[in-house]
2 protein chains.
Amino acid sequence: MTRTKTRDLIEQKADDLFYENGFEATSFADIADAVGISRGNFYHHFKSKHDILDAVIDRRLAKTARMLESWDADKLPQARILSFIRILLTNQTRIMAFGCPVGTLTTELAKLDHVAQSRAAEVFTLFRDWLADQFHALGHGDESVSLALHLLGRSQGIAVMASAYRDETYLRAEVAALEDWLDTVTTKHR
Amino acid sequence: MTRTKTRDLIEQKADDLFYENGFEATSFADIADAVGISRGNFYHHFKSKHDILDAVIDRRLAKTARMLESWDADKLPQARILSFIRILLTNQTRIMAFGCPVGTLTTELAKLDHVAQSRAAEVFTLFRDWLADQFHALGHGDESVSLALHLLGRSQGIAVMASAYRDETYLRAEVAALEDWLDTVTTKHR
DNA sequence: ACAAAATTAGGACAATCGTCCTAAATTTTA
DNA sequence: TAAAATTTAGGACGATTGTCCTAATTTTGT
């Protein structure tokens with residue numbers, strides 16, 4: 001198989017496994033098995049566990065950037081922000097099982113004192129800056145970044161509690177509350 | 001040394017290490033080294049990793065129950081809830097470094113598909129029920145549990161974001177916002 | 001079609017994992 | 001104080017970890 005295709009397959013499976021089982025709990029053998037290649041082949045593409053983690057983070061950064069771009073198709077900032085809020089519903093099943101991929105990875109890497117922790121947090125930064133842009137467009141000026149961080153935090157909390165209790169009712173109620181909050185924030189500045 | 005004292009010391013160090021480095025990343029050797037005993041001795045007190053995890057969860061449940069009892073010394077429900085909100089400030093340094101002990105453990109155990117996940121989430125339940133009692137005393141009736149879960153989720157989100165960015169300013173701003181929210185919730189029903 | 005390069009498989013490696021065992025040291029009991 | 005019970009140390013165990021090496025296979029470039 002061509003280099004890029006195998007690499008991409010490895011990254012894809014590693015991405016899933018890191019999310020579903022955690023970074024530390026996922027071994028080279030696990031990834032190789034999932035892809036269906038030998039550990040030797042795996043090592044030819046990624047020469048250390050740090051390398052594959054880096055690649056997965058790159059992948060997530062790119063995927064997030066693409067998603068944010070797609071949300072830009074909406075003209076209204078409040079509609080864009082609504083798209084963000086609704087990932088909690090879109091990915092409901094996986095979030096209830098494994099939490100938020102961004103939050104859980106940064107948390108794990110913080111505990112491991114891993115150098116890639118800050119890079120993993122850059123996914124948050126993509127969301128933060130994009131959300132801040134939307135709040136800015138809604139006329140919130142200097143408050144925009146705070147509002148963005150507030151919304152990110154709310155989402156993270158919902159993901160943590162929804163997965164702790166595997167409680168769909170809670171998740172839906174909190175998403176509704178978040179939508180109400182967004183309403184308050186947008187109408188206040190009209 | 002007496003049985004209970006050694007056991008207690010092991011539980012104490014394991015509790016810290018599970019919090020600081022994660023459950024999976026903490027080995028028997030790590031705990032034994034931290035306590036200053038041999039692995040053999042360790043194994044005499046806890047015959048499996050599942051056992052020591054169970055003991056740590058028991059310990060956290062008991063510690064949480066004691067903390068909630070101590071907060072009951074305050075007569076006003078809003079003052080009690082304020083005590084809960086302010087753990088984010090009391091444990092600020094550790095939360096910014098390692099996140100919330102309850103949230104991060106339940107999240108990790110969910111990914112590991114560990115049987116103890118639901119037991120670990122019982123610490124949340126202690127907080128939830130206690131908080132619901134306070135909201136009930138404030139006259140929120142059927143909404144009490146939802147309010148309790150909402151507050152728990154908000155706290156969890158703050159812990160996740162504060163540790164991801166190690167941002168004290170964010171943490172303090174969000175705690176202030178939570179106090180404002182509490183004000184709104186208490187004055188609405190006066 | 002042939003040489004060069006890239007990809008793959010499979011195993012070796014030292015270290016560490018959780019677990020278990022035995023024997024010495026210590027404490028408790030009678 | 002002697003016997004019994006508990007606590008401790010230290011190492012053995014098979015499995016698994018991340019890493020690395022070699023040799024075979026496949027793809028690529030000419």
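A note on names: the letters A, B, ... follow the listed sequences, proteins ahead of strands, and every chain is numbered from 1.
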Contacts of [X] that satisfy ring-ring contact (aromatic ring centres under 6.0 Å, His included) - sequence neighbours left out:
X	result
F124(B)	none
F23(A)	F18(A), H114(A)
H44(A)	none

Pairs satisfying ring pair (Phe, Tyr, Trp, His ring centres under 6.0 Å), at least one member in residues 144-170 of chain A, at least two apart |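 The answer is H150(A)-W181(A).
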Which pairs pass ring pair (Phe, Tyr, Trp, His ring centres under 6.0 Å) with one or both residues in residues 85-112 of chain B, sequence neighbours excluded?
->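 Listed once each, the pairs are Y19(B)-F98(B).
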Which residues in residues 10-24 of chain A have at least one heavy atom lying under 4.0 Å from any atom of DNA chain D?
->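 Going residue by residue through residues 10-24 of chain A, none turns out to have a heavy atom under 4.0 Å of DNA chain D.
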R128(A) (side chain) donor-acceptor with L152(A) (main chain) under 3.5 angstrom =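 Not at all, since once roles are kept as given, no pair shorter than 3.5 Å links the two residues.
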side-chain contact (heavy atoms from CB on, under 4.5 Å) partners for Q92(B), two or more places apart =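 Result, side-chain contact (heavy atoms from CB on, under 4.5 Å) vs Q92(B): L89(B), M96(B), E168(B), L171(B), R172(B).
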Sequence-distant partners of A79(A), side-chain contact (heavy atoms from CB on, under 4.5 Å), two or more places apart =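 A79(A): side-chain contact (heavy atoms from CB on, under 4.5 Å) contacts with D74(A), L76(A).
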Of residues 28-47 of chain A, the positions that come close to DNA chain C - non-hydrogen atoms, cut-off under 4.0 Å =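 Here the set is I37(A), S38(A), G40(A), N41(A), H44(A), H45(A).
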Please give, in whole Å, the distance from dT19(C) C1' to I52(B) CD1?
->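 One finds 15 Å between C1' of dT19(C) and CD1 of I52(B), rounded.
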